[in-house]
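These notes concern the structure reproduced below.
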Amino acid sequence: MNPVKVGLLGLGTVGGGTLNVLVKNASEIARRAGREILVTHAAAREYRAEGLLGLDKVKLTDDAFEVVDNPDVDIVVELIGGYSPARELVMKAIDNGKHVVTANKALIALHGNEIFAAAHEKGVTVAFEAAVAGGIPIIKALREGLAANHIEWIAGIINGTGNFILTEMKDKGRDFADVLAEAQALGYAEADPTFDVEGIDAAHKLTILASLAFGIPLQFDKCYTEGISRIEPQDVTYAEQFGYNIKHLGITRRTDAGIELRVHPTLIPARRLIANVDGVMNAVLVKGDAVGPTLYYGAGAGSLPTASAVVADIIDVTRTLTTDPENRVPHLAFQPGELSDQSVASMDDVETAYYLRMTAVDKPGVVAAVAGILADAGISIEAMQQKQPPEGETEVPLVMLTHRVRERQMNQAIAKIEALDAIRPGVTRIRVERLK
Ligand code: HSE
């Protein structure tokens, strides 16, 4: 059989890794795919040739549309990232009848509905394993391995840079900016690192996971997103004292109020496996009704781990080249005509427990006033700590954990607490999930 010809768009961290894995493991990959897979074309404006294998056999151009329009290319692999021109390139490739593999989570989360509709129309596949959690085969697990289950919820550490920062802050007390700079140098961080620290990158990935789990269209605009930039070292310390670790989680869950879709810092019990996923590593916890909880762990970013997922997709696409399009695994796990219109829940209706930290004037009745506001709102306090004020100071940190309550009630209670004369403005609130 003729080799399958791949056109790479981008020869950066992931593009270079993909070329190297395809060349280095070529014979084993051919034994798996049933055909030889060759990178014959690549487009890159800038790249470092040093360390790239087999570049002499690749026809290079700086115009990505040349690759997309080349009749010799069977599979276009989009590794440029960002929305544009990635969207135009992918749509053109589909229009040209080519299969596409992409690692572009932003593209899939925002434009996936349009892209999959076009691909369905043309009978081609758009594969995106590398878009979520780098090297972890979580898309395959959700689409195929867990296909028997009614998925109940997913909770994931799905941004390596953010996890790296939180881990270094906790373990070494390092400065936020210093750790971020290291993640950028290692090629983990997004081109715009606010995507990592403000949770946008995780929201892209969570949007994709929710669609695969629940069979709903991609709805990135409905995802609640809160970053880690306001987490203070003292919150990490208090959380530990209560028996919790702070992780930046993406959580999606079926509830009567709709599908929860939220990314925010979260206290999780330190004894849970996922609470101990450190550094740039990612982990995704999926709860299915038949299988129970399952945990997927691995490198969520980086050249070779991400290339591992890209190449797996290329092998999958190669195997299905001769398959009737109707018999391929559907892009969003459910048949295109079977997507559900179940709505995404408003954040006001989400129910979680809370960690609260506030600064109080050290005088009689303050704790009672705070507790009274919480009691009036039907919020039960689970644990509380008040530290002795340092010598000569009259203000003390007051830290507490509450039982579960709807966000709307907690927002109202926090507004009343902040209005107390004896409480300084700016109550810190971090949601708590037990992940049972
Ligand atoms: N910036 C992302 C991360 C890269 O840190 O996880 C992988 O999507």
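As the structure lists them, so they are numbered: ligands from 1, and atoms in each ligand from 1. Values in this document were obtained by computation on a predicted structure and should not be read as measured data.
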*What residues form a side-chain contact (heavy atoms from CB on, under 4.5 Å) with M400, not counting sequence neighbours?*
L356, M358, V370, L374, I381, M384, L398

*Mind checking ring-ring contact (aromatic ring centres under 6.0 Å, His included) for H331 and listing every partner two or more places apart, or none if nothing turns up?*
F116

*Ignoring hydrogens and angles, state whether a donor on the side chain of Y244 or R434 is under 3.5 Å from an acceptor on the partner side chain.*
yes

*Side chains of N282 and Y297: donor-acceptor distance under 3.5 Å anywhere?*
no

*According to the interplanar angle, ranging from 0 to 90°, do the rings of Y238 and Y355 count as parallel (below 30°), tilted (30 to 60°) or perpendicular (above 60°)?*
tilted

*Which protein residues have a heavy atom under 4.0 Å from ligand 1?*
K105, N159, G160, T161, Y188, A189, E190, D196, D201, K205, G300, A301

*Please name all residues satisfying ring-ring contact (aromatic ring centres under 6.0 Å, His included) with Y354, sequence neighbours left out, ordered by chain then number.*
none

